[in-house]
Amino acid sequence: MSTLIHGLKYDDKKSSEEKIMKNISAEQEYREQIKQEGLTVGIFTTTWCPDCKRLDMFIDEITQEHQDKQWFTIDRDEFPEISEEQTVMGIPSLLVFKNGEKIAHLHSANAKTPEAVNEFLNNL
């Protein structure tokens with residue numbers, strides 16, 4: 001079953017035609033997601049954030065261009081401890097994990113355009 005949140009489709013299944021972003025609903029799910037060997041990109045967001053809505057307008061295209069990475073979204077307000085642990089001060093923030101370690105962090109001020117997000121991801 002899929003759910004539409006922030007204009008993005010979330011599901012645990014991936015189709016070959018579209019990149020599906022996993023919506024984190026439990027801390028254990030988050031911990032498992034970031035432990036993966038490959039690069040995992042987490043988008044820290046909220047339901048009320050105007051910049052998050054702007055990111056929603058172009059993130060699907062970016063996930064299509066970066067299908068070599070796993071993607072998830074997590075609501076900062078629902079998981080304040082995780083947000084604090086990862087030093088997420090502004091939203092949206094994109095964090096990149098590998099083997100359980102944060103290896104990169106695109107802070108909210110720099111995550112406002114598709115070009116800025118792509119540049120960040122291409123430099124990993």
Does CD in E85 sit with more than 12 non-hydrogen atoms of other residues, nucleotides or ligands closer than 6.0 Å?
-> yes
same_hphob_cluster(L106, F58) at 4.5 Å side-chain heavy-atom cutoff = yes
Nearest 0.5 angstrom please: [X] [atom1] to [Y] [atom2], how far?
X: L39; Y: W71; atom1: CG; atom2: CH2; answer: 10.0 Å
X: S25; Y: D75; atom1: OG; atom2: CG; answer: 11.5 Å
X: I91; Y: R76; atom1: CD1; atom2: CZ; answer: 4.5 Å
X: R54; Y: K112; atom1: CZ; atom2: NZ; answer: 5.5 Å
X: I24; Y: R31; atom1: CD1; atom2: CZ; answer: 11.0 Å
X: I74; Y: S83; atom1: CD1; atom2: OG; answer: 6.0 Å

Reference residue H105; test side chain to side chain contact (heavy atoms under 4.5 Å, CB included); the match among V96, L94, V88, N110 = V88
Run through K35, K22, Q86 and flag the one making a side chain to side chain contact (heavy atoms under 4.5 Å, CB included) with Y30.
-> Q86
Locate the shortest heavy-atom distance separating [X] from [Y]; write the atom from each residue and the value.
X: A111; Y: L55; result: O-CD1, 4.1 Å
X: Q36; Y: Q33; result: CG-O, 3.2 Å
X: G90; Y: S93; result: O-OG, 2.6 Å

Would you call D56-K53 a salt bridge at under 4.0 Å N-O?
-> no
Could you tell me whether a side-chain N or O of T45 sits under 3.5 Å from a main-chain N or O of P92, the two making a donor and an acceptor?
-> no
Hey, can you pull the donor-acceptor pairs under 3.5 Å for the side chains in residues 115-124, sequence neighbours left out?
unit_1: N118; atom_1: OD1; unit_2: H66; atom_2: NE2; d: 2.8
unit_1: N118; atom_1: ND2; unit_2: E65; atom_2: OE1; d: 3.2
unit_1: N122; atom_1: ND2; unit_2: N118; atom_2: O; d: 3.1
unit_1: N123; atom_1: ND2; unit_2: E119; atom_2: O; d: 3.0

N99 vs E37, side-chain contact (heavy atoms from CB on, under 4.5 Å): CA-CA, chis, key distance, verdict = CA-CA 5 Å; N99 298 320; E37 284 185 32; 3.5 Å; yes
